[in-house]
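Notes follow the structure.
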Amino acid sequence: MADTKVYRASTFAPVNIAVIKYWGKRDAKLNLPTNSSLSVTLSQDDLRTHTTASCSPAYQSDSLLLNGASQDISGARTQACLRELRSLRKTLEDSDSSLSPLSTYPLEIVSQNNFPTAAGLASSAAGFAALVRAIANLYQLKSTPTELSRIARQGSGSACRSLFGGYVAWEMGKEEDGSDSVAYEVAPASHWPEMRAIILVASAEKKDVSSTSGMQATVKTSTLFNERITNTVPKRMEEMKKAIAERDFASFAALTTKDSNSFHATCLDTDPPIFYMNDTSRAAIAMVEAINANAGKTIAAYTFDAGPNAVVYYLAEHETSVLAPFKAILQAKDGWEGARGQSVTSSPL
Ligand code: 2P0
């Protein structure tokens with residue numbers, strides 16, 4: 001009788017929000033960035049991708065279902081992840097003849113996000129991190145999260161940072177083959193457990209300019225961009241690591257807001273210009289400025305990804321001062337579609 005056994009493994013992967021932004025590729029095929037970046041992983045309780053990977057000799061071909069809809073997996077990025085994971089499994093099988101030949105079986109991947117896909121909420125990051133982790137679990141690979149980050153990066157750059165909880169750096173690396181372009185944990189969430197983030201959803205619609213095409217246009221046409229990657233970001237990476245090590249919120253906040261504005265400035269400096277922020281985003285910036293002025297010190301920091309949604313970082317002790325003004329505008333439905341309170345967690349993947 002034909003073998004119809006199904007092998008299965010499931011995992012969750014969290015969303016991460018960069019405080020030093022990745023924007024620009026030096027190699028689009030391998031997803032190698034023009035600068036290092038640093039992010040904070042958000043709680044899996046609220047925003048996450050759940051993925052089940054299974055394989056069986058009875059399956060017809062590889063397949064991927066996202067939020068119930070069948071996805072095209074013929075793209076180079078998904079194929080690169082599948083190829084690398086199968087190759088690691090094959091190495092295990094070659095060294096241990098008792099292992100079943102899972103690397104030769106078709107894969108079925110079923111993913112579910114609990115947040116809007118492609119709305120500037122880093123869905124590709126959690127998505128590819130969960131895909132890589134689920135298949136690595138299915139294949140019982142011994143790889144470390146940093147080794148898996150090299151694979152997830154090829155699916156989507158920011159995905160390499162979602163393999164860790166807490167505070168995570170993606171070092172751009174120097175090698176042409178991308179072997180040293182990997183992520184690692186700068187500090188666990190427990191190092192600074194008071195950190196909180198609120199995400200303000202200005203629009204849950206799909207963005208006009210994808211990150212991939214946007215960053216390639218910036219690399220080609222922005223004159224501000226070169227200053228950003230050669231001087232601004234390398235210096236900020238070190239300053240941000242120090243701010244996190246010292247739990248210095250004022251420095252963390254200043255670097256976070258400046259880097260968000262620097263990234264959006266290079267978008268505006270792109271030809272044709274890219275506008276990810278809108279009037280609602282700018283109202284959030286004004287609100288954070290007012291909250292800090294009112295407190296007489298920096299207690300809130302905003303950052304925006306490739307979309308209009310605001311992420312505001314603050315410490316638990318200032319929850320009321322930071323959230324009350326935002327709750328007021330959310331209730332007034334001033335362009336905001338909803339908010340989600342988030343806290344940083346160690347995300348045990
Ligand atoms: C980041 N973003 O560091 C930056 C900030 C958006 C703005 O990483 O082409 O979806 O798949 O490597 O990872 C979004 O870019 O791009 C992103 P690809 P990705 O989080």
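When a ligand or atom number is given, it counts from 1 through the structure's own listing order.
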(request) For residues Phe252 and Tyr313, establish whether the separation of their ring centroids is below 6.0 Å. (result)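 Ring centres of Tyr313 and Phe252 closer than 6.0 Å.
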
In terms of atom number and element, which parts of ligand 1 are under 4.0 angstrom from non-hydrogen atoms of [X]?
X      : answer
Met215 : 15 (O), 16 (O)
Ser211 : 14 (C), 15 (O), 16 (O)
Ser124 : 10 (O)
Lys21  : 3 (O), 5 (C)
Arg77  : 9 (O), 11 (O), 18 (P)
Lys25  : 9 (O), 12 (O), 18 (P)
Asn31  : 12 (O)

Other residues, nucleotides and ligands only: do more than 12 of their heavy atoms fall within 6.0 Å of [atom1] on [X]?
X      : atom1 : result
Lys258 : NZ    : no
Lys25  : NZ    : yes
Glu147 : CD    : yes

Going by distance only, is there an N or O of [X] that falls short of 3.5 Å from an N or O of ligand 1?
X      : answer
Asn16  : no
Arg161 : yes
Gly157 : yes
Tyr22  : yes
Ser156 : yes

Between [X] and [Y] (side chain of the first, backbone of the second, donor and acceptor by atom type, cut-off under 3.5 Å), is there such a pair?
X      : Y      : answer
Asp269 : Thr218 : no
Thr41  : Phe164 : yes
Asn114 : Arg48  : yes

(request) Kindly identify the option in Phe263, Trp170, Phe128 whose heavy atom sits closest to atom 7 (C) of ligand 1. (result) Phe263

(message) Measuring from atom 6 (C) of ligand 1, which candidate in Ala18, Ala306, Ser213, Ser260 has the nearest non-hydrogen atom?
(response)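 Going through Ala18, Ala306, Ser213, Ser260 one by one, Ala306 has the nearest heavy atom to atom 6 (C) of ligand 1.
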
(request) Report the C-alpha distance between Arg196 and His318 in whole Å, list the side-chain angles of each, state the deciding distance to 0.1 Å, and finish with yes or no for side-chain hydrogen bond (donor to acceptor under 3.5 Å, both in side chains). (result) CA-CA 10 Å; Arg196 299 285 182 275; His318 298 124; over 6 Å; no

(request) Please test Lys242 against Glu246 for salt bridge (charged side-chain N to carboxylate O under 4.0 Å, His left out), starting from the C-alpha separation and ending with a verdict. (result) CA-CA 6 Å; Lys242 185 166 178 279; Glu246 294 174 357; 3.6 Å; yes

